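Treat the numbers as computed from the prediction; the structure is a model and nothing was measured. Hydrogens, waters and symmetry mates play no part in the numbers below; they use all other heavy atoms, side chains included. One-based numbering along the sequence shown.
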Amino acid sequence: MAVPPVPQARAAVPVRAVRVPLLVDVVIGLLTLVALPLALVAIPNTISVVAALLPPGVSQVDMIRAHGLALPAMLVTVPLAAVAVRRFRAAPILVAGLTLLALADVAGGYTDTVALVGVLRVLHGIGAGMLVPATLVAVAERPRHRVLLPIWAGALAASLLSAQALALWAIRDVSSWQVTLQPYPLLTGVALALAAAYLVLWMISGDGVSRAEGEILPAGRPTSVERGRLALAIVPAAAIAVLGVGITFDWPPRLVVVAAAVVVVAMLALAALGTFEGPGGRTLAFVNVAVGLVVLPTAAQMTYIELGGPLGGPGLKGLWVPFLVAAATALVGAVLAGRAPEAFAARMTVLGLAAVVVGLAAIRLLVPAPSGTPLVVPFVLLAAGSAVALVGAFRTAGLGSAMLGLSLCFPAVLAGFLLGTGIQVNRLRDAAETAQGDGNALVNGFIDALHMWALVGGFVVVGVIVLASVLARRAAAASADGDVVIPLPTPSPEEDDDVSGNAGPTH
């Protein structure tokens, strides 16, 4: 008599099928929370804070110039890494990027020349530029991307807000200037271990994706349209990178401000005309430009002003409660935005950007502050508003458009730094000319520069909201009339699978 099959034997396969993907999702979530702050903390140029520790004979100007190469290298790397990660998948790119950061960290403790500092900071920028698109693709291709994508957006917004403070925290009370080249080596090691675990799990479970269920966005190979748009994004990135290096050679501040403003307009034009995958791709590109332009450059100025000294701010220790509250609020707001009905996605984007504008307005009212408590208001509005706006935009766009948006975000960060610095230099010059022995004039100049930048940034974000809304309405009207809004090219046979998979993280 035949022995009936044992039910437990058949149940073993689905149990493993559930556990392995769940473990991959947990590893990706942890990796996102570690890798994004690690990538963003490579941006600030903090060598001037420890300039007194530089060895005799080393030019402070040359060292500042070399240390500032990370962000230009990063913003040029992002579009190239976006193409690479779409072609080769996220796991190997993550490991490669973190390996570069780890090597730069290790070598940072032994460097003693300006040239080597420049090389290591370029490696920092390249590694960081690889991490940002790789973490996004790793998240977007998972079945649980509805949870993971909001975590990614919240982590990015919180990292943009706190990057300057994190970079300064690492070099408090140090006795060696090389710490600026290896601010968080332990965090780099943890991220590399998580990336290695993700790579192993990814190899064990195939690609970690269940395509048959139709629940996820497979990375696949980038289409020719996507590659073309990313190639275009390199142009403003390279232009603003040249400006970022040029300002260290004493280029006139007014010239830098005008040139940076022109590059911002060019990025908005590229977002309006060069996007694809429907109107949602355009909106996501606009959001990335707005968030990149205002969040980190504004938070950096606020952090320096509130460090203490003549302004009597709370110092770094007093700032951590507002930063932690803002980071937690950004993550919670992003998760809630990810769970909202699909019909509210566009409204969430507008509401998120509107919160950023209110946060910039709050800076003019609350900064400087003698304690950290009032700073909770602008920090929360900037971080949570950015996270909600990003999540809302992600839900109406495809992964290719998301890669283009990231390629515009970090050039916008550098543009924000250049515009803010230009405004600050002009304000300080005016204050110095009218000071006439008044010791508070320069202090007031710093505050006035921050307030002016907050005003400028607020107007830019409002302009982005209006521009995105007008173009979205025109697209909707043209679609209702039966017109073609954004023509998508007919894919070649070899690209057909990729195009069909690029529906975007909208489910």
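- No side-chain heavy atom of L399 sits under 4.5 Å from any side-chain heavy atom of E226.
- Separation of atoms CD1 (I47) and CG (L181) is listed at 6.5 Å; rounding is to 0.5 Å.
- If you take CH2 on W177 and CD1 on I171, they are separated by 12.5 Å, rounding to the nearest 0.5 Å.
- In this structure, CG in L187 is found 13.5 Å from CD in Q182, a value given to the nearest 0.5 Å.
- Taking the side chain as every heavy atom from C-beta outward, H67 and T46 approach each other to under 4.5 Å.
- Using a distance-only test at 3.5 Å, with no hydrogens or angles considered, no donor-acceptor pair links the side chain of Q164 to the main chain of P44.
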Review point. Could you go step by step and tell me if L319 and L375 meet the side-chain contact (heavy atoms from CB on, under 4.5 Å) rule?
Key: CA-CA 8 Å; L319 291 176; L375 300 177; 3.3 Å; yes

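- Taking 4.5 Å as the limit, some side-chain heavy atom of R65 sits within range of a side-chain heavy atom of D62.
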Exercise for review: Begin with the C-alpha distance, continue with both residues' side-chain angles, and end with the deciding distance and a verdict on side-chain contact (heavy atoms from CB on, under 4.5 Å) for V50 and V179.
Suggested key: CA-CA 9 Å; V50 293; V179 176; over 6 Å; no

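- With Y184 contributing its side chain and L166 its backbone, the two residues share a donor-acceptor pair below 3.5 Å.
- Closest heavy-atom contact between L94 and T135: CD2-CG2, 3.6 Å.
- In this structure, W152 and F394 have perpendicular ring planes: the angle between them is above 60°, well past the 30° mark.
- Scanning both residues, L293 and W453, for their nearest heavy atoms gives O-CZ2, 3.4 Å.
- In this structure T32 satisfies the side-chain hydrogen bond (donor to acceptor under 3.5 Å, both in side chains) test with no other residue, sequence neighbours excluded.
- Contact detail for N45 and Y304: the closest heavy-atom pair is O-OH, 4.3 Å.
- Residues A334 and A387 share a closest heavy-atom pair of CB-CB, 4.0 Å.
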Review point. side-chain contact (heavy atoms from CB on, under 4.5 Å) between V291 and V356: does it pass, once the steps are laid out?
Key: CA-CA 8 Å; V291 168; V356 171; 5.5 Å; no

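- Listed for the H451 side chain is a donor-acceptor partner under 3.5 Å among the backbone atoms of V367.
- Of the residues L31, I93, L36, L101, the one that meets the side-chain contact (heavy atoms from CB on, under 4.5 Å) test with L131 is L101.
- A distance of 9.0 Å separates CD in Q424 from CG in L450, rounded to the nearest 0.5 Å.
- The CZ atom of R427 sits 12.5 Å away from atom CD1 of I447, with the distance rounded to the nearest 0.5 Å.
- P92 is listed as a side-chain neighbour of W202, based on a closest heavy-atom distance under 4.5 Å.
- Note that OG of S407 and CD1 of I234 are 8.0 Å apart. Values are rounded to the nearest 0.5 Å.
- Residues F286 and L353 form no side-chain contact, since every pair of their non-hydrogen atoms from C-beta on lies 4.5 Å or further apart.
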Practice item. Could you please spell out the steps behind the side-chain contact (heavy atoms from CB on, under 4.5 Å) verdict for T303 and W169? Key: CA-CA 11 Å; T303 301; W169 182 263; over 6 Å; no

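- A heavy-atom distance below 4.5 Å is found between the side chains of L243 and V263.
- A383 approaches A157 most closely through the heavy-atom pair O-CB, 3.4 Å.
- Judged by distance alone, with hydrogens and angles left aside, the side-chain atoms of R121 form no donor-acceptor pair with the main-chain N or O of A70 at under 3.5 Å.
- Between L148 and D25, the closest side-chain pair of non-hydrogen atoms falls below 4.5 Å.
- Partner I126 forms a side-chain contact (heavy atoms from CB on, under 4.5 Å) with one of V76, L80, L100 and no other, that one being L100.
- Taking 4.5 Å as the limit, some side-chain heavy atom of L136 sits within range of a side-chain heavy atom of M403.
- A donor-acceptor pair under 3.5 Å is absent between the side-chain atoms of S162 and the main chain of A165, judged by distance alone.
- Among all heavy-atom pairs drawn from A384 and T329, the shortest one is CB-CG2, 3.9 Å.
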